[in-house]
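The block underneath contains the structure these notes are about, expressed in structure tokens.
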Amino acid sequence: MAPVLALVGATGAVGTVMIDIINGRETVPWGEIRLIASARSAGKKITVRGEELTVVALSPEAFDGVDIAMFDVPDEISAEWAPIAASRGAVAVDNSGAFRMDDEVPLVVPEVNADKVTSRPKGIIANPNCTTLSMMAALGALHREFELKELVVASYQAVSGAGKEGVDRLYAELEAVAGKGLGVRAGDVREALEAAGLPIADSPFPAALAFNVVPSAGSYKGDGWYSEELKVRNESRKILGIPDLKVSATCVRVPVVTTHSLAVHATFAREVTVEAAHKVFEAQPTVVLVDDPENGVFPTPADVVGGDPTYVGRVRQALDFPNTLDFFVCGDNLRKGAALNTYEIAEQLAPEFS
């Protein structure tokens with residue numbers, strides 16, 4: 001009998017992308033797809049693979065008969081309801097940050113550590129943060145060949161990583177400053193935003209995004225570190241199975257709507273060359289190599305948005321650092337960075353219930 005799949009948060013931003021992914025698959029292994037959301041969304045009709053489905057309210061009974069439940073909801077909702085889904089017999093695949101660093105919950109990227117899906121004492125599998133995930137297919141492939149030892153990352157993160165509020169804020173700021181002929185005097189952008197009724201105090205970001213970059217992503221955790229930076233460190237160690245991996249990250253919010261980019265500086269135990277790295281990337285089905293800098297060919301967010309793979313370019317031997325590569329990675333943070341990886345974990349689990 002084909003397994004039953006539930007999508008919790010079906011009407012949210014990531015849930016909507018998830019439905020697009022399911023609709024775009026040539027075939028699916030599911031006998032039934034159940035859409036679950038908050039009580040205010042219950043009763044809404046959504047077409048999935050040609051069938052009009054009715055959204056049901058989140059409740060313990062909603063998980064009865066469900067084999068795999070994908071959660072695309074805030075941390076606090078997952079923290080409460082993923083264990084409930086597991087208690088009703090479902091495997092919960094959670095896209096929030098609620099369980100990522102729980103020792104009894106595997107943190108899975110199918111291209112890197114698919115074998116971990118069978119080790120789930122709590123009946124829950126976690127999906128990594130979108131920033132970590134954007135580089136993991138490429139980095140995992142290199143690690144298998146050359147053994148990663150040290151990692152330094154600078155991220156350039158899209159505002160959609162902060163949710164709809166972040167996207168709305170960027171559009172409002174751009175509208176407020178467009179065509180103003182702003183000079184280079186300090187405070188010009190801030191003053192234009194205040195004149196438009198958009199003070200920084202009302203923004204989800206601590207500084208203007210229009211014509212600017214902001215070295216702050218997530219919440220401040222002390223000692224100079226933000227939560228997104230610590231997630232890159234801790235999640236990379238767990239996914240790759242390298243608990244003592246040396247990692248340092250600087251996460252920056254940039255005026256891009258969707259698709260995170262990362263500049264990666266990776267040091268390996270074994271000798272690595274650009275040519276060898278190219279071969280590794282070309283052999284990885286979910287990585288697209290776009291690397292001809294002499295002719296201005298490399299990945300950018302505008303070229304990558306809406307795509308499923310990880311795009312890699314600017315691969316080069318690090319000057320002054322032995323066994324080290326520098327490269328640039330782009331990945332759609334709402335697709336592979338969230339919805340797609342969650343769904344791929346569910347696909348990995350499906351044969352258990354067939």
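Note: hydrogens, waters and symmetry copies are ignored here, and every other heavy atom, side chains too, is used. These figures come from a predicted structure and were not determined experimentally.
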Return yes when atom CZ of R314 has more than 12 non-hydrogen atoms of other residues, nucleotides or ligands closer than 6.0 Å, and no otherwise. no

Query - Carboxylate-amine/guanidinium proximity below 4.0 Å for K336 and E111 - result: yes

| said: Does N333 form a side-chain hydrogen bond (donor to acceptor under 3.5 Å, both in side chains) with T258? I'd like the steps, not just the answer. | reply: CA-CA 7 Å; N333 56 296; T258 304; 4.9 Å; no

In the single-linkage hydrophobic clustering (I, L, V, M, F, W, Y; side-chain heavy atoms under 4.5 Å), do I19 and L58 co-cluster?
no

Side-chain donor/acceptor of R100 to backbone N/O of S96, under 3.5 Å
yes

Quiz prompt | Heavy-atom check, side chain of L349 versus side chain of I125, under 4.5 Å | solution = yes

When rounded to the nearest 0.5 Å, the distance separating CG of L198 from OG of S203 is 8.5 Å

Q. Under 4.5 Å between any side-chain heavy atoms of E147 and K149, yes or no?
A. yes

Query raised in the report: Is it the case that more than 12 heavy atoms not belonging to N295 sit under 6.0 Å from its CG atom?
Result: yes

So CG of L170 and CZ of R253: to nearest 0.5 Å the spacing works out to 11.0 Å

Flag the pair V305 / V257 as yes when at least one side-chain heavy-atom distance between them is below 4.5 Å, and no otherwise.
no

*asked:* One pair to check against side-chain contact (heavy atoms from CB on, under 4.5 Å): V297 and D291. What are the steps and the verdict?
replied: CA-CA 6 Å; V297 177; D291 196 19; over 6 Å; no

All heavy atoms of I239 vs all of L107, minimum pair found to be CG1-CD2, 3.7 Å

Flag the pair D303 / Y311 as yes when at least one side-chain heavy-atom distance between them is below 4.5 Å, and no otherwise.
no

Worksheet item: Just wondering, do L151 and L139 contact through their side chains at under 4.5 Å, heavy atoms?
Response: yes

> Is the number of heavy atoms from other residues, nucleotides or ligands within 6.0 Å of CZ (R270) greater than 12?
Replying inline: yes

Heavy-atom count around E32 CD within 6.0 Å, excluding the residue itself: above 12?
-> yes

Fill in: Side chains of P301 and H260 in contact at under 4.5 Å (non-hydrogen atoms)
no

- [ ] Answer yes or no: does atom OH of Y171 have more than 12 heavy-atom neighbours from other residues, nucleotides or ligands under 6.0 Å?
- [x] no

To the nearest 0.5 Å, atom CZ of R25 lies from atom CD1 of I21 at 7.0 Å

task = Could you walk me through whether Q157 and T131 pass the side-chain hydrogen bond (donor to acceptor under 3.5 Å, both in side chains) test, one step at a time?
result = CA-CA 8 Å; Q157 296 180 214; T131 311; 3.3 Å; yes

* Intermediate values then yes/no, side-chain contact (heavy atoms from CB on, under 4.5 Å), L53 and T47 -> CA-CA 6 Å; L53 303 180; T47 300; over 6 Å; no

Problem - Any donor-acceptor N/O pair, D223 side chain to W225 backbone, under 3.5 Å - result: no

Open item on the list: Evaluate V109 against N341 for side-chain contact (heavy atoms from CB on, under 4.5 Å), listing each step before the verdict.
Closed with: CA-CA 7 Å; V109 179; N341 197 76; 3.8 Å; yes

Please tabulate, one pair per line, all N/O donor-acceptor pairs under 3.5 Å involving side-chain atoms of residues 320-329, not counting sequence neighbours.
| unit_1 | atom_1 | unit_2 | atom_2 | d |
| --- | --- | --- | --- | --- |
| T324 | OG1 | T267 | OG1 | 2.8 |
| T324 | OG1 | P322 | O | 2.8 |
| D326 | OD1 | H265 | ND1 | 2.7 |

Value for OG1 (T342) from CD1 (I68), rounded to nearest 0.5 Å, stands at 12.5 Å

Using 4.0 Å as the upper bound for N to carboxylate O, is an ion pair formed by E228 and K231? yes

- Message: Using side-chain heavy atoms (C-beta onward) and a distance below 4.5 Å, is I33 in contact with I22?
- Response: yes

Rounded to the nearest 0.5 Å, the NZ atom of K279 sits from the OG1 atom of T273 at a distance of 8.0 Å

**Report entry** CD/E271: more than 12 non-hydrogen atoms of other groups inside 6.0 Å
**Finding:** no

Residues, nucleotides or ligands: over 12 heavy atoms within 6.0 Å of R316 CZ: yes

**Asked** Is it true that atom CG of D103 has more than 12 heavy atoms of other residues, nucleotides or ligands lying nearer than 6.0 Å?
**Response** no

Taken in chain and number order and not counting sequence neighbours, the residues that satisfy side chain to side chain contact (heavy atoms under 4.5 Å, CB included) with A141 are R144, V280, Q284

Evaluate the criterion salt bridge (charged side-chain N to carboxylate O under 4.0 Å, His left out) for residue pair R120 and E352; output intermediate values, then yes/no. CA-CA 13 Å; R120 45 178 197 266; E352 286 189 36; 2.7 Å; yes

Only residue of D94, N95, V93 satisfying side-chain contact (heavy atoms from CB on, under 4.5 Å) with F71 is D94

Check your understanding: Below 4.5 Å, heavy atoms only, C-beta onward: do P243 and R237 meet side chain to side chain?
Key -> no

Rounding to 0.5 Å, atoms NZ (K116) and CD1 (I345) come to a distance of 14.0 Å

Could you walk me through whether E173 and R169 satisfy the salt bridge (charged side-chain N to carboxylate O under 4.0 Å, His left out) test, starting with their C-alpha distance in whole Å, then the side-chain angles of each, then the deciding distance to 0.1 Å, before giving a yes or no? CA-CA 6 Å; E173 288 191 9; R169 177 71 191 195; 2.7 Å; yes

Practice task
Show your working on side-chain contact (heavy atoms from CB on, under 4.5 Å) between V312 and V288 and close with a plain yes or no.
Solution key: CA-CA 6 Å; V312 180; V288 175; over 6 Å; no

